[in-house]
Each structure stands twice: as structure tokens, then as C-alpha cells.
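FYI, the numbering just counts along the sequence from 1.
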Amino acid sequence: MLAFVTAHIPWNAISNLELRRAYNALRDDLVLPSATTLSNICLTEYALTVDAIMKQLPSQNKVSLALDGWTSMNKLAITSVIGYYMDRNSVLREVQLAFDDVNLLFFSRFES
């Protein structure tokens with residue numbers, strides 16, 4: 001599943017016979033799930049992640065949002081949304097709320 005998510009491969013690609021053969025050639029005991037199963041696993045993990053983030057955020061305090069961006073060593077532009085808040089012991093805490101790569105083709109239109 002990690003390979004599909006990080007490579008932005010659509011779930012239905014798992015139904016491709018040649019792709020399944022390639023995976024099985026790498027590891028013959030590998031049981032590949034269906035596209036529906038992959039999608040359901042992803043949705044479940046997403047819901048668990050959102051719940052974990054919501055439990056970290058204070059219910060009565062204010063949360064400040066910050067946007068952070070950087071470029072990785074392999075020239076991948078990344079952006080992240082981070083929430084900052086003070087906990088009950090007045091300790092600054094942070095939680096990552098969003099993380100995604102940036103479409104550089106979009107920004108290249110604004111360069112002169």
C-alpha cells in the first residue's frame with residue numbers, strides 16, 4: 001500500500017495483470033489485495049489518523065496554524081500545516097495537520 005500511496009498510483013492499477021505478476025516475481029508468497037480492499041484500508045487509516053490528531057489538540061485552548069515549506073534533496077517541494085498550542089503545563093506543543101508535495105508546474109507560471 002505504501003508503494004501505491006507514495007508513487008501516486010491509482011488503486012485500480014492493482015487489477016493490472018502485469019503489475020500483479022511483477023509483484024509476485026519479487027515475492028511469490030505475496031497476496032495482493034483488491035482495489036476495494038486497498039481503498040478501505042486507506043480510509044480506515046485516514047480516520048484513525050484524524051482521530052489521533054484530534055485527541056492531541058486541546059479542546060479549550062486556541063491553536064495557532066503555521067505553514068512550512070521546503071525542498072528535499074531529490075528536488076521534491078513539500079508543504080506542511082502545523083498546529084501549535086500550549087498544554088496544561090504551559091509547554092509549547094505542535095501537531096502536523098497536513099503534509100503534501102507541491103506542484104511546481106503551477107508555481108513555474110509565476111516566475112519571470
Side-chain angles (χ1 to χ4, degrees):
M1 184 167 154
L2 182 60
F4 276 77
V5 171
T6 57
H8 300 285
I9 300 172
W11 298 129
N12 62 356
I14 198 70
S15 302
N16 181 284
L17 184 58
E18 294 304 318
L19 182 65
R20 294 181 81 80
R21 285 182 182 159
Y23 269 100
N24 286 328
L26 294 171
R27 194 167 146 201
D28 60 356
D29 64 335
L30 183 64
V31 177
L32 294 173
S34 68
T36 302
T37 301
L38 277 176
S39 180
N40 289 338
I41 291 169
C42 187
L43 290 173
T44 300
E45 290 299 318
Y46 174 79
L48 291 172
T49 302
V50 168
D51 287 343
I53 289 172
M54 293 302 289
K55 287 178 183 174
Q56 290 181 43
L57 294 174
S59 60
Q60 300 299 321
N61 288 0
K62 294 181 180 179
V63 176
S64 296
L65 298 177
L67 180 64
D68 190 12
W70 64 94
T71 304
S72 66
M73 292 177 67
N74 62 352
K75 306 294 186 208
L76 181 64
I78 304 293
T79 187
S80 177
V81 178
I82 303 168
Y84 292 95
Y85 62 94
M86 301 295 282
D87 69 8
R88 291 182 179 157
N89 300 321
S90 297
V91 175
L92 181 64
R93 301 288 182 186
E94 68 179 63
V95 61
Q96 185 170 342
L97 302 172
F99 180 87
D100 202 358
D101 59 327
V102 178
N103 184 347
L104 292 178
L105 293 175
F106 173 78
F107 289 105
S108 66
R109 292 186 287 170
F110 300 106
E111 294 179 349
S112 51

So, Ser34 versus Thr37: side-chain donor-acceptor pair below 3.5 Å or not?
yes
Can you find a pair of side-chain heavy atoms, one from Ile78 and one from Phe99, that are under 4.5 Å apart?
yes
So, does Asp28 use its side chain to make a donor-acceptor pair with the main chain of Asn24 at under 3.5 Å?
no
Rounded distance [0.5 Å steps], OG1 in Thr49 versus CD in Gln96
11.0 Å
Using a 4.5 Å cut-off on heavy atoms from C-beta on, say whether the side chain of Ser39 contacts that of Leu43.
yes
Rounded to the nearest 0.5 angstrom, the CG-CD1 distance for Leu32 and Ile14 is 4.5 Å
Rounded distance (nearest 0.5 Å) linking atom CG of Leu26 with atom CZ of Arg21
14.5 Å
Heavy atoms, side chains only, cut-off 4.5 Å: are Ile53 and Lys55 in contact?
no
If Ile, Leu, Val, Met, Phe, Trp and Tyr residues are connected whenever their side-chain heavy atoms lie under 4.5 Å apart, and connections chain through other members, are Val95 and Val81 in the same group?
yes
Please check if the side chain of Asp87 supplies one atom and the backbone of Asn89 the other of a donor-acceptor pair under 3.5 Å.
yes
With a 4.5 Å cut-off on side-chain heavy atoms, are Asp68 and Ile82 touching?
yes
Shortest non-hydrogen separation from Lys62 to Tyr85 and the atoms involved:
O-CB, 3.7 Å
Joint hydrophobic cluster, Trp11 plus Leu30, side-chain heavy atoms closer than 4.5 Å
yes
Evaluate the side-chain proximity of Met86 to Leu92: yes if any heavy-atom separation is below 4.5 Å, no if none is.
yes
In terms of hydrophobic clustering (I, L, V, M, F, W, Y; side-chain heavy atoms under 4.5 Å; direct or indirect links), are Met54 and Leu65 co-clustered?
yes
Output for pair (Ser80 OG, Leu97 CG), nearest 0.5 Å, gives 8.0 Å
